[in-house]
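The sequence lines fix the lettering, A, B, ..., with proteins before strands; numbering per chain opens at 1.
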Number of protein chains: 2
Amino acid sequence: MSDFIKQLNLLSPLSPEAEEDLLARLKPMAFKKGQVINKEEQICKKLFFIDKGLVKHYYHQKDRIFILKFFAENQFFTVLDSFTNQTPSKFITIALEDTETTGLDHTDFIELCEKHHSFETFARKLFAMAAIVNLKRIKEMFDAESAELYAEFIKENNHLLNRLKLGDIASYLGISQVTLSRIRSKK
Amino acid sequence: MSDFIKQLNLLSPLSPEAEEDLLARLKPMAFKKGQVINKEEQICKKLFFIDKGLVKHYYHQKDRIFILKFFAENQFFTVLDSFTNQTPSKFITIALEDTETTGLDHTDFIELCEKHHSFETFARKLFAMAAIVNLKRIKEMFDAESAELYAEFIKENNHLLNRLKLGDIASYLGISQVTLSRIRSKK
DNA sequence: ATAATCTTTTTACATAAGTTAAAAAATCAT
DNA sequence: ATGATTTTTTAACTTATGTAAAAAGATTAT
């Protein structure tokens with residue numbers, strides 16, 4: 001059984017009615033390693049919760065790949081602007097490992113927000129958190145010396161280190177794999 | 001009279017009771033050019049709306065200044081994580097021009113969220129927008145060639161161009177003023 | 001008007017990091 | 001185990017950008 005509701009309640013507890021209503025709308029979705037979860041230009045219809053697995057959220061630009069974020073166990077994720085405004089996504093989301101998710105449709109999300117004040121509160125806190133996480137990421141990107149970027153990354157993402165390719169880490173940091181390799185060899 | 005409520009209703013309309021309740025809690029605050037609105041380590045107590053003026057939100061790192069965002073007329077702003085979690089701010093906010101704001105205390109913000117579903121909905125949408133804006137900023141920062149960063153900036157912030165110093169624009173783009181000057185001379 | 005201050009540009013130099021290509025190491029499939 | 005593929009490291013070269021300092025240009029105050 002998914003920890004969607006458990007994690008949600010940790011962030012902001014639901015009323016019993018809201019919880020029941022939500023539970024009836026959740027749907028499990030599984031993705032194989034390498035499978036696309038949401039492609040470019042596709043409208044993201046779901047708020048996902050990762051029960052198991054690892055996902056990368058990225059985009060292409062001039063033959064390079066830029067990874068905005070990795071999502072792993074017990075994290076909520078969606079394509080923020082595509083989901084919120086139901087507009088085509090500029091980003092791509094794929095599974096880096098076999099991944100099991102629990103999904104909530106956008107229409108259900110909106111209905112739950114309207115019907116249940118406590119769910120709306122959860123949603124508010126979820127987006128506030130997302131905004132803060134993104135702000136922190138901006139700050140990290142400013143600290144531009146690659147060596148420090150990498151040091152910061154391994155500190156924050158130690159649990160993911162052996163699950164990620166170096167190329168993906170470099171794409172996340174916005175540097176080339178060669179540069180990352182050089183950094184690693186330096187100490 | 002402030003456009004706080006007008007702009008808010010554009011994003012997400014309030015119930016009449018919520019609007020009345022909110023109105024009674026808003027307080028005008030004015031800042032002189034150069035005045036600190038929220039300093040480092042200070043807990044940000046307010047959600048601000050800018051009626052007039054311009055503000056920069058930044059931090060120091062090793063003798064350089066990094067500007068996360070400018071805020072001008074008709075924009076809501078706060079120190080996201082400091083306001084949300086009522087923790088000390090890592091960032092500094094100062095007025096770049098004489099600035100008039102309308103502020104809402106954090107305690108009032110929370111009470112309004114709890115009392116009025118429609119206000120909570122506004123808050124959810126506000127934070128969703130903030131998250132999206134920040135994500136867009138991350139994307140911009142990845143597009144690392146300085147010339148493009150600047151081109152993008154003048155496209156998006158044309159209305160601010162003649163109100164900002166080049167040094168501040170460089171700090172926003174994460175490049176040195178010398179580099180920015182070079183870019184400008186190139187075409 | 002003139003001086004003083006602030007802002008922007010330019011120059012010279014050093015260095016971090018990108019690109020390309022190849023070698024080395026690790027992982028995977030048969 | 002062996003070969004094939006993927007991943008990581010290393011090397012050679014080029015370029016963009018930071019730093020420091022000075023010059024040029026604007027702005028402000030007296």
Novice: Looking at C:dA17, D:dT19, D:dT10, which one has an atom nearest to any side-chain atom of B:Ser176?
Specialist: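 Looking only at side-chain atoms, B:Ser176 lies closest to D:dT19.
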
Novice: Which atom names give the shortest non-hydrogen contact between A:Leu173 and B:Phe142, and what distance separates them?
Specialist: C-CE2, 4.3 Å

Novice: Expressed in angstrom and rounded to an integer, what is the separation of A:Lys165 atom NZ from D:dT9 atom C1'?
Specialist: 16 Å

Novice: Just to be sure I understand the rule, does A:Leu180 reach a base, reach only the sugar-phosphate, or reach nothing, if contact means heavy atoms closer than 4.0 Å?
Specialist: nothing

Novice: Using whole Å, report how far CD1 of B:Ile175 lies from P of D:dA16.
Specialist: 14 Å

Novice: Kindly give the heavy-atom pair with the smallest separation between B:Phe76 and B:Gln7, and that separation in Å.
Specialist: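 Scanning both residues, the minimum pair turns out to be CE1-CB, 4.1 Å.
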
Novice: Reckon B:Ser185 has a side-chain N or O less than 4.0 Å from the OP1 or OP2 of C:dT10?
Specialist: yes

Novice: Starting from C1' on C:dC28, measure out to NZ on A:Lys33 and report it in whole angstrom.
Specialist: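 Spelled out: NZ on A:Lys33 to C1' on C:dC28 is 10 Å.
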
Novice: Check the distance between C:dT8's C1' and B:Ile169's CD1 and give it to me in whole angstrom.
Specialist: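 Going from B:Ile169 (CD1) to C:dT8 (C1'), I get 12 Å.
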
Novice: Can you check whether A:Thr179 has a side-chain N or O nearer than 4.0 Å to OP1 or OP2 of C:dA17?
Specialist: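 It does not, given that no N or O in the side chain of A:Thr179 lies less than 4.0 Å from OP1 or OP2 of C:dA17.
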
Novice: Are any of the side-chain nitrogens in B:Glu41 or B:Lys90 under 4.0 Å away from the carboxylate oxygens of its partner?
Specialist: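 Judged by the 4.0 Å cut-off on N to carboxylate O distance, B:Glu41 and B:Lys90 do not form a salt bridge.
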
Novice: Would you check if the distance from the ring center of B:Tyr59 to the ring center of B:His57 is below 6.0 Å?
Specialist: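 Ring centroids of B:Tyr59 and B:His57 are no less than 6.0 Å from each other.
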
Novice: Counting heavy atoms from C-beta on, name the nucleotide in C:dT19, D:dT19, C:dT9 closest to the side chain of B:Val178.
Specialist: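 Out of C:dT19, D:dT19, C:dT9, the nucleotide with an atom closest to B:Val178's side chain is D:dT19.
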
Novice: When you measure from the side chain of A:Gln177, which nucleotide among D:dG18, D:dT8, D:dT17 comes out closest?
Specialist: D:dT8

Novice: Could you check how far CZ of A:Arg184 sits from P of C:dA17, rounded to whole Å?
Specialist: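 The distance from CZ of A:Arg184 to P of C:dA17 comes to 16 Å, rounded to the nearest Å.
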
Novice: Rounded to the nearest angstrom, tell me the gap between atom CZ in B:Arg182 and atom P in D:dT15.
Specialist: 15 Å

Novice: What is the separation between atom CZ on A:Arg163 and atom P on D:dT7, rounded to the nearest whole Å?
Specialist: 17 Å

Novice: When you compare the side chain of B:Val36 with that of B:Thr93, does any pair of heavy atoms fall below 4.5 Å?
Specialist: no

Novice: May I have the distance from B:Tyr150 (atom OH) to D:dT17 (atom P), rounded to whole angstrom?
Specialist: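 Going from B:Tyr150 (OH) to D:dT17 (P), I get 15 Å.
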
